[in-house]
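Worksheet for the structure shown next.
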Amino acid sequence: DVKVTQSSRYLVKRTGEKVFLECVQDMDHENMFWYRQDPGLGLRLIYFSYDVKMKEKGDIPEGYSVSREKKERFSLILESASTNQTSMYLCASSTYPQETQYFGPGTRLLVL
Amino acid sequence: GDSVTQMEGPVTLSEEAFLTINCTYTATGYPSLFWYVQYPGEGLQLLLKATKADDKGSNKGFEATYRKETTSFHLEKGSVQVSDSAVYFCALGIQGAQKLVFGQGTRLTINP
């Protein structure tokens with residue numbers, strides 16, 4: 001079974017803090033993705049990566065950065081957390097970007 | 001551009017009712033089509049998929065047929081259960097594209 005794990009299920013941070021969300025997949029997938037999910041807005045792609053050290057902006061990259069130093073690990077970084085970044089964050093991976101994506105359980109982030 | 005339109009929710013049904021969740025798409029090529037399900041507090045899971053016209057995807061009693069002539073991929077189940085309560089996402093993937101395109105999601109609630 002494909003497994004995608006995320007470092008935390010719930011996280012509470014203060015405005016201005018630097019926040020790291022980590023995602024690890026065990027299927028040797030080339031492609032990894034970070035989404036945020038908000039009520040009424042569905043899934044929005046923040047960043048994706050198609051190879052180690054490669055990254056591409058998604059639809060809403062502002063306020064976020066990413067890091068992919070190893071194939072299995074893709075980190076999302078909030079440089080200075082703000083209250084409007086309170087959301088559910090979902091990581092996914094796939095063999096090809098247009099094919100089946102496998103999702104982690106999500107991290108629910110609250111920024112106070 | 002490529003897009004997916006799902007019927008708006010929320011949808012509320014009684015147990016054993018027949019379910020249809022509509023999904024239509026706009027795509028420049030010949031997409032693969034997916035239905036994902038998100039149970040409360042979890043990430044998305046692939047429910048079923050179809051990769052070419054007239055293909056039928058099926059899983060857990062759910063079915064969807066890839067209809068190229070109507071650009072649709074409607075999700076159906078003959079008799080829903082309380083455990084089917086979840087959010088359902090329709091998505092498409094285009095060969096050569098760098099991401100999946102998701103619909104907004106449809107929240108389904110099944111009452112006993």
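So you know, we letter chains A, B, ... as the sequences are listed, proteins then strands, and number each from 1. Note that these values count all heavy atoms, side chains included, but never hydrogens, waters or copies made by symmetry.
When all heavy atoms of B/L92 and B/P31 are compared, the closest pair comes out as CB-CB, 4.0 Å. Taking all atoms of both residues into account, the shortest heavy-atom contact from A/G58 to A/P61 is O-CD, 3.7 Å. Listed here is the closest heavy atom pair of A/I46 and A/I60: CG2-O, 3.7 Å. Here the closest heavy-atom approach between residue A/E69 and residue A/S67 is recorded as CG-OG, 3.7 Å.
A/L21 has its side chain within reach of A/L11: a pair of non-hydrogen atoms, C-beta onward, lies under 4.5 Å apart. Considering only heavy atoms from C-beta on, B/I21 stays 4.5 Å or farther from B/F62 through its side chain.
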Please list every donor-acceptor pair closer than 3.5 Å that links chain A with chain B, giving the two atom names and the distance for each.
unit_1: A/R9; atom_1: NH2; unit_2: B/G41; atom_2: O; d: 2.4
unit_1: A/Q37; atom_1: OE1; unit_2: B/Q38; atom_2: NE2; d: 2.9
unit_1: A/Q37; atom_1: NE2; unit_2: B/Q38; atom_2: OE1; d: 2.8
unit_1: A/D59; atom_1: OD1; unit_2: B/K99; atom_2: NZ; d: 3.0
unit_1: A/D59; atom_1: OD2; unit_2: B/K99; atom_2: NZ; d: 3.4
unit_1: A/Q98; atom_1: NE2; unit_2: B/Q95; atom_2: OE1; d: 3.3
unit_1: A/T100; atom_1: OG1; unit_2: B/K49; atom_2: NZ; d: 3.2
unit_1: A/Q101; atom_1: N; unit_2: B/Y36; atom_2: OH; d: 2.8
unit_1: A/Q101; atom_1: O; unit_2: B/Y36; atom_2: OH; d: 3.0
unit_1: A/P105; atom_1: O; unit_2: B/G43; atom_2: N; d: 3.4

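With a threshold of 4.5 angstrom between heavy atoms, B/L46 approaches chain A through side-chain atoms but not through N, CA, C or O.
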